[in-house]
Amino acid sequence: MQEQEIQELIGALFASALGCGFVIALLVFTVFIWWRIFAKAGYPGALALLMLVPLVNLGLLCVLAFAEWPIQRELAQLRRTAGSPPTPQL
């Protein structure tokens, strides 16, 4: 191999490693964000890992959008026991 071919190969390897590192960092950041969303909604944060699975992520988005969150159920129960009127759901 010539010196120029070796340099091109090293450059290509470096670029692909950098690209893979960027993709992995993006996936980790995405899972972190979804983990926080699920945890704040009252669901187990580990459901964030299912957001990486195609079609399952659409089902989870529908659950987040249309189902009553556990945190909302707990708040409604606390308000019933405290005697305050419930707030309307949006």
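Along the sequence shown, the residues carry numbers beginning at 1. Since the model is a prediction, treat every value here as computed from it, not as a measurement.
Under a hydrophobic clustering in which Ile, Leu, Val, Met, Phe, Trp and Tyr are joined whenever their side-chain heavy atoms come within less than 4.5 Å, directly or via other members, Trp34 and Leu27 fall into different clusters. Cluster membership for Leu49 and Val23, using ILVMFWY side-chain heavy atoms within less than 4.5 angstrom, is shared. Transitive grouping of hydrophobic side chains (ILVMFWY, heavy atoms separated by less than 4.5 Å) keeps Val56 and Leu58 in distinct clusters.
In this view, Ala41 and Tyr43, Leu64, Trp69 satisfy the side chain to side chain contact (heavy atoms under 4.5 Å, CB included) rule, not counting sequence neighbours. With sequence neighbours excluded, the residues that form a side chain to side chain contact (heavy atoms under 4.5 Å, CB included) with Leu13 are Leu9.
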* When you look at Met51 and Leu60, which way does the side-chain contact (heavy atoms from CB on, under 4.5 Å) test go after all the steps? -> CA-CA 7 Å; Met51 292 302 289; Leu60 286 174; 3.7 Å; yes
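Counting heavy atoms from C-beta on, the side chains of Phe29 and Ile33 come closer than 4.5 Å. Leu52 places a side-chain heavy atom less than 4.5 Å from the side chain of Val31.
Rounded to the nearest 0.5 Å, atoms CD (Glu74) and CD (Glu68) are 11.5 Å apart. Here Asn57 contributes atom CG and Leu61 contributes atom CG; the two are 6.0 Å apart, rounded to the nearest 0.5 Å.
For Gln4, the CD atom sits in a loose shell: 12 or fewer heavy atoms of surrounding residues, nucleotides or ligands are nearer than 6.0 Å. Taking a 6.0 Å sphere around CD of Glu5, one finds it holds more than 12 heavy atoms contributed by other residues, nucleotides or ligands. Environment of CZ in Arg73: crowded, with over 12 heavy atoms of neighbouring residues, nucleotides or ligands closer than 6.0 Å.
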